[in-house]
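Notes follow once the structure below has been shown.
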Amino acid sequence: MSDELGEGEERRGWFRRLKDGLAKSSSKLVGGISGVFTTKRLDEASLEELEDVLITADLGIETSARLIASLSKAKFGKDVTDEEVRTSFAEEIAEILRPAARPLDVATGRKPHIVLMVGVNGSGKTTTIGKLAKQFKDRGLSVMMAAGDTFRAAAIEQLQVWGERTGTPVIAKAQGSDAAALAFDAINEAKAAGADVLLIDTAGRLQNRAELMEELAKVIRVIRKQDETAPHDCVLVLDGTVGQNAHNQVKAFKEMVAVSGLVITKLDGSTRGGVVVALADQFELPVHAVGVGESAEDLQPFDADRFARDLMGLE
Amino acid sequence: MFDSLQNRLGDVFDRLKKRGALKEADVTAALREVRVALLEADVALPVVKEFVDKVRERAIGQEVIKSVSPGQQVIKIVHDNLVEMLGTDSSGINLNAVPPVPILMVGLQGGGKTTSTAKLAKRLKERDRKKVLMASLDIYRPAAREQLRVLGEQIDVATLPISENETPVSIAKRAMTAGKLQGFDVVMLDTAGRLSIDESMMDEVIQVRDAVKPAETILVADAMTGQDAVTTARNFNERVGLTGIVLTRMDGDARGGAALSMRAVTGVPIKAVGVGERADALEDFHPERVAGRILGMGDVVSLVEKAAETIEVEEAERIAKKMQKGAFDLEDMLSQLRQVKKMGGLGGVMSMLPGMGKLQKQMAGANMDDSVIKKQEAIILSMTKVERKNVKLMNASRRRRIAAGSGTSVQEVNKLLKQHQDMTRVMKQMGKMGGMKGLGALLGGGGGMPGMPSPGQMPGQLPSGLGGKGMPKLPGGMLPPGFPGKK
Ligand SMILES: Nc1nc2c(ncn2[C@@H]2O[C@H](COP(=O)(O)OP(=O)(O)OP(=O)(O)O)[C@@H](O)[C@H]2O)c(=O)[nH]1
Ligand SMILES: Nc1nc2c(ncn2[C@@H]2O[C@H](COP(=O)(O)OP(=O)(O)OP(=O)(O)O)[C@@H](O)[C@H]2O)c(=O)[nH]1
Ligand SMILES: [Mg+2]
Ligand SMILES: [Mg+2]
């Protein structure tokens, strides 16, 4: 992520917001754990309560059980302190997350490097495109966007506003036109303009709607007519408040459109986004970034250790 | 990934058949499985605990009815309590106030507020014959007001003209004034998405509330929400004061435990559920359906009831017989189409069955949706009785006439005839093979849908009906076999 000193003010606000958000998320979790442990013997009852605490963070039953099992193996029957438990959990979580922390690499010299954003309705695709455009531009890359959501009311106008905000050209057609054809034309235009990156927005769709998933597969087929290696990244945007359905989402999108990475949004809220831990555990997909607000700056690289330690309320 | 509760409980109770009353230890063992099922469905943990305690209290000591297994008995208790906790069927929107009646829509970012505002407005306009004005107070999200304006145009509902540099409170006031002056019955206020921990944004919506005194303040929330549902619902309820919930994206495959979480912490009713992106994709809330979905067992009970209600058994059996002989004419096809329609369309039938996700997907893939049913019905209705009995009469000019009469194209007529032909052929073969067992038979009355997975491929399992062995057989011919085929 590029740091522009001129934006110091805004940036500080953003960090504070993130920190406040995370503090809020972790305080509940930590409060829970502290309630279970001050210094006491790790027995069945405390393990069960501890498991509840993880479940409340959306880690899901399987992942929670796994973490508990490994904690219990190491420490069962011993006297443990609050700090020890937290550290142990954070380490365990970070280990799961570390391989997933990989930023989106678009400086590949391809002209353009094509990124397709997909996901269920309202998860934050369009906003994330705006945020990414800003990051890439700040890095000196030339960026274009394609308004591939030709379905939802004012989806095109929404992306156009992001284009204005970030000084990025937006390729668009009228609402109701064919999304695949739009993508095809957009690639042509991006090539002609010599753009480094082309970010293609798509309409939100639920993963169990076969006909909509098929439509997305068609967009990709048409993109490949322009460039066999494209899309170079297919990013699934997940809403951070999502529960266990995230598994179905990743699975279905991965099968249908070869998702190459994830972005998790809305982590500035009261949600903990713990499902990310389970996802990283289950699917080998990088988490490129996390959304922490609604402005262009509110996109953070995903840092496994920090995420894990913050989640556990450790400095 | 999700086993149905029935399967889980089967194991627990296998050991303890033939016991008179449900004992504490048995109930506790069963409720451990219930707890897991609820958590997998994203019911928030505190709510799960409360629920499990309540069920434990009620279950211990209950006599096990002779004809059911202890597992089934517990499921029934769990199911009934879940229904109770989810509340009653949808109550309508409260319009008991001096018009224009303000309705305030609130919720997190991207939950579906703007879309649901339009859906409710459309319903109020069409069902309740109300004159509705919509206004967007979302001055933050790019093109948010434009979005509502476009939706208003699509559903032919007025929207407040957009003007720049106005605060949400002043837009709300302007909307109420316009509503009064122009004789609107209802003013729907769509607001920007906000986090429940964002103090200044929460203050903003409180100011709006105080300015307009809404008759309803509705939290719009995503059915896919995880454990955070309790926090969000509680915060919105405590700060803003809710009167109802609209649960969106119930057309997805989330188990929807958030419904229970939010209902439990707020105590307000779920007013409606969103089942799609279009303005008419709004349904009433049915606690039984959602309870079955949360438990992962489908709403078999109401499927059976509904089937019994709507299907004329004799008619269905007559058709099933004709099918097997391959003497299935277009009149029969029409009768089948109508039965599916009565059952609430294909979606209605499918949504009531457990483990139907895959099947639903295939149907969607094959363009089997209700609009197709309507179209096909129209085509057959445009044929004469003689034509319906004898497909061979169908020459080019008749086909043209039928297309014109039904507002379709000749290709569509051809497609239907081709499907009828395919169905007849497949059914003849099926008849020879002695018909399909299991679900195929259930749905197709001894027929079976070509291109559909065999029962073995079906995800999940049909739980046995309460008290009986195996799925209660529905009268034959619920769904037309092979219907309505691919594009
Ligand atoms: N607080 C917060 N809000 C976000 C974040 N990312 C997106 N949003 C908001 O979530 C809402 C939905 O975002 P969109 O970008 O429109 O989502 P989308 O996936 O494009 O939606 P559809 O195209 O309708 O499927 C908007 O109000 C965004 O401002 C985030 O990281 N934090
Ligand atoms: N599948 C499905 N999509 C829905 C449903 N309700 C809303 N959507 C979609 O969800 C996305 C977000 O809906 P909006 O109405 O813009 O959500 P919002 O709460 O107004 O969003 P913000 O104003 O950004 O907070 C859009 O793509 C809608 O089409 C539903 O019931 N099912
Ligand atoms: Mg979008
Ligand atoms: Mg909105």
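Lettering of chains follows the sequences in order, A, B, ..., and the numbering in each one begins at 1. No hydrogens, no waters, no symmetry mates; every other heavy atom, side chains included, goes into these values.
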Flag the pair [X] / [Y] as yes when at least one side-chain heavy-atom distance between them is below 4.5 Å, and no otherwise.
X      : Y      : value
A/V120 : B/R249 : no
B/L195 : A/S270 : no
A/R152 : B/Q147 : yes
A/N121 : B/E277 : yes
A/T241 : B/L108 : yes
B/Q109 : A/T265 : no

Part of [X] lying under 4.5 Å from any heavy atom of chain B:
X      : answer
A/E164 : neither
A/E214 : neither
A/I156 : neither
A/I61  : side chain

Under 4.5 Å heavy-atom distance to chain A, tell me which part of [X] shows up: side chain, backbone, both or neither.
X      : answer
B/T225 : both
B/Q154 : side chain
B/A44  : neither

Looking at [X] and [Y], what are the two nearest heavy atoms and their distance?
X      : Y      : result
B/I197 : A/D268 : CD1-O, 3.5 Å
B/V150 : A/A153 : CG1-CB, 3.7 Å
B/Y140 : A/R165 : O-NH2, 3.8 Å
B/L45  : A/D52  : CD2-CB, 3.2 Å
B/L39  : A/Q244 : O-CG, 4.3 Å

Heavy-atom pair count under 4.5 Å with chain A, highest-scoring of B/G252, B/A143, B/P142: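 The answer is B/P142.
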Contact leader toward chain A among B/R194, B/R141, B/R149, where contacts are heavy-atom pairs under 4.5 Å: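 The candidate making the most pairs under 4.5 Å is B/R141.
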N/O donor-acceptor pair under 3.5 Å between A/N208 side chain and B/D251 backbone: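 Yes, the answer is positive, given that a donor and an acceptor are paired below the 3.5 Å cut-off.
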